[in-house]
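Here is the structure we will look at.
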Protein chains: 2
Amino acid sequence: MIVAMSRYDPSAFPPFAVTVDLVVLTVRDHSLCALLVRRGEPPYQGYWALPGGFVRPDEGLAEAASRELAEETGLRAHSAPGHEAVGPGAAGAHLEQLATYGHPQRDPRMRVVSVAYLVLAPDLPTPRAGGDASSARWAPVSELLGESPADGVPLAFDHGLILADGVERARSKIEYSSLATAFCPPEFTVGELRRVYEAVWGVALDPRNFHRKVTGTPGFLLPSGGTTTRQGGRPAQLFTAGGATVLNPPMLRPDS
Amino acid sequence: MIVAMSRYDPSAFPPFAVTVDLVVLTVRDHSLCALLVRRGEPPYQGYWALPGGFVRPDEGLAEAASRELAEETGLRAHSAPGHEAVGPGAAGAHLEQLATYGHPQRDPRMRVVSVAYLVLAPDLPTPRAGGDASSARWAPVSELLGESPADGVPLAFDHGLILADGVERARSKIEYSSLATAFCPPEFTVGELRRVYEAVWGVALDPRNFHRKVTGTPGFLLPSGGTTTRQGGRPAQLFTAGGATVLNPPMLRPDS
DNA sequence: TGTGCTTATCGTCAGAGAGACGACTATGAT
DNA sequence: ATCATAGTCGTCTCTCTGACGATAAGCACA
């Protein structure tokens with residue numbers, strides 16, 4: 001048992017390992033998917049897990065998250081405006097801190113505190129496996145969170161819990177912010193944006209009311225001038241994300 | 001320079017110190033106040049800082065936050081329903097994880113990652129100083145965040161940033177949850193609850209519309225039967241917090 | 001024993017926004 | 001040419017909010 005010790009005593013403190021774990025979400029053909037890597041070594045060998053890794057001695061937490069993301073997906077992320085921001089990269093995904101997990105027994109080998117980050121990205125090609133992960137894949141979150149009748153194999157460590165928190169954060173945050181555009185390519189149509197909301201929330205939205213809402217919210221969407229028919233049907237106007245970050249009034253999620 | 005190392009390599013990992021810091025907020029005569037302790041030793045000797053301390057090897061993060069809170073204020077907190085919950089205590093304050101701060105140079109002596117927790121408590125007697133803090137006090141956040149013309153002495157470490165994040169979280173969270181009741185004693189009147197909103201947001205609210213809103217939201221308030229005149233004027237009905245945690249539709253903050 | 005001050009509570013009205021849904025437009029497929 | 005598909009514009013109704021009048025029920029003091 002440790003007796004009470006001085007705050008920040010530099011000579012004696014219990015050492016912890018600190019890692020970052022990434023909840024990387026994207027929308028692939030009408031469903032919300034998370035990036036998973038397969039563990040190639042014990043513990044939880046062969047299980048699927050969230051990508052992540054150790055924080056290095058000289059890097060910040062967001063910096064570590066951003067580095068791991070680049071290593072595993074090639075994505076460059078821009079942090080939400082705030083602390084520990086990393087310079088905006090080329091093909092930008094949204095990155096924000098999610099929460100920190102530190103149960104004493106969450107890793108059977110040693111005391112590990114993991115800072116989870118949430119990444120929202122547009123649809124990407126199938127990920128390349130990197131590092132010590134023997135493979136990587138996009139998995140629909142509905143199969144992972146027990147929302148479908150037979151939920152799949154559980155994730156390694158407490159990653160199922162972390163994933164659930166990340167999904168919940170994404171679901172609530174697109175309600176009152178313009179974050180849903182992070183799931184879209186640089187130019188997108190109102191219909192594509194609507195399908196993002198539908199995939200993340202798992203509901204159907206009225207196309208007419210949705211159109212009125214998003215085009216009527218100042219600063220949410222900027223017309224880019226062009227049109228496209230890539231979804232079939234009548235050509236749709238293309239937009240880019242506007243400067244607004246907070247939606248007031250929010251998008252309302254049905255029933256909830 | 002560290003070369004790429006295996007994920008969770010148990011034999012070689014950079015050691016970090018992990019601490020918890022507490023943003024303890026309360027409402028004292030019409031203003032939102034934060035609990036500060038004075039540092040008795042370097043670095044930042046003599047500066048005001050957030051209460052906090054090391055996480056012990058065998059305790060969880062929320063557990064450490066709860067323990068530090070009890071040590072410094074005597075408060076027992078119940079965590080929000082969720083992970084790492086601690087058993088509900090007697091005189092309950094709300095406790096939830098805020099964010100984690102890990103700039104490599106945030107502590108001049110060593111690499112410290114600090115997990116910040118947000119505590120919302122009803123008005124308390126002047127705090128007793130505990131541990132190695134030579135004194136403690138409630139400070140109005142408006143004096144600390146540069147919202148008033150002359151902001152006071154800056155806080156130790158990055159605690160000014162952490163405090164700002166905590167205040168922002170509290171301000172936004174009372175909008176869409178029933179969390180404002182955490183600032184109230186077990187029984188309270190609609191007027192007392194309104195003064196909580198006014199203090200936290202720094203605005204004046206219309207008493208009639210506020211009354212209609214909170215009494216019309218199912219599950220927010222439960223009439224306890226009694227009345228009180230402790231605020232002067234006509235006796236007001238007493239309520240306790242209802243079971244609802246999410247307000248739908250939310251309380252609307254003026255202008256913002 | 002009023003008179004005034006304070007706070008609580010109820011009501012009314014106009015305007016903004018959401019949900020439901022009809023109608024029309026502009027493409028590609030057959 | 002016709003149909004299927006998706007996009008876009010309008011309308012109607014209902015709910016909720018903000019502004020604000022009116023009344024109720026205590027206390028302080030003359």
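All values below come from the heavy atoms of this structure, side chains included, with hydrogens, waters and symmetry mates left out. Remember, it's a predicted structure, so these values are computed and weren't measured experimentally.
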Results of side chain to side chain contact (heavy atoms under 4.5 Å, CB included) for [X] - residues two or more places apart only:
X	result
B:Val203	B:Trp201, B:Leu205, B:Pro254
B:Thr227	B:Pro235
A:Ala236	A:Thr189

(message) Looking at every heavy atom in both A:Gly160 and A:Leu145, which two are closest together, and how far apart are they?
(response) O-CD2, 4.3 Å

Would you please name every residue forming a side-chain hydrogen bond (donor to acceptor under 3.5 Å, both in side chains) with [X], sequence neighbours left out?
X	answer
B:Arg212	B:Asn209
B:Glu187	B:Ser224
A:Gln237	none
A:Arg208	A:Asp206

(message) Under 4.0 Å from a heavy atom of chain B: give me the 5'-most and 3'-most nucleotides of DNA chain C that qualify.
(response)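 Range of nucleotides within reach of chain B: C:dT6 to C:dT12.
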
(request) Using the test ring-ring contact (aromatic ring centres under 6.0 Å, His included), find all partners of A:Phe210 that sit at least two apart in sequence or belong to another chain. (result) A:Tyr197

Please write out each protein N/O paired with an N/O of nucleotides 23-28 of chain D under 3.5 Å, distance rounded to 0.1 Å.
unit_1 : atom_1 : unit_2   : atom_2 : d
D:dA24 : O4'    : B:Arg234 : NH1    : 3.3
D:dA24 : N3     : B:Arg234 : NH1    : 3.3

(message) Which residues in residues 197-220 of chain B have a heavy atom closer than 4.0 Å to any atom of DNA chain D?
(response)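 When residues 197-220 of chain B is checked for heavy atoms under 4.0 Å from DNA chain D, the hits, listed by number, are B:Asp206, B:Arg208, B:Asn209, B:Arg212, B:Lys213.
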
(request) Just call it for A:Arg230: base, sugar-phosphate, or nothing, with non-hydrogen atoms closer than 4.0 Å on any strand. (result)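 Nothing: the residue A:Arg230, judged by heavy atoms under 4.0 Å, touches no strand.
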
(request) Applying salt bridge (charged side-chain N to carboxylate O under 4.0 Å, His left out), name anything that partners B:Arg195, two or more places apart in sequence or on another chain. (result) none

(request) Would you kindly give the CZ-to-P distance between B:Arg253 and D:dT17, to the nearest whole Å? (result) 16 Å

(message) On DNA chain C, does the nearest nucleotide to A:Pro250 precede the nearest nucleotide to B:Phe239 from the 5' side, or the other way round? Give the residue.
(response)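 Its nearest nucleotide being more 5', the pick is B:Phe239.
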
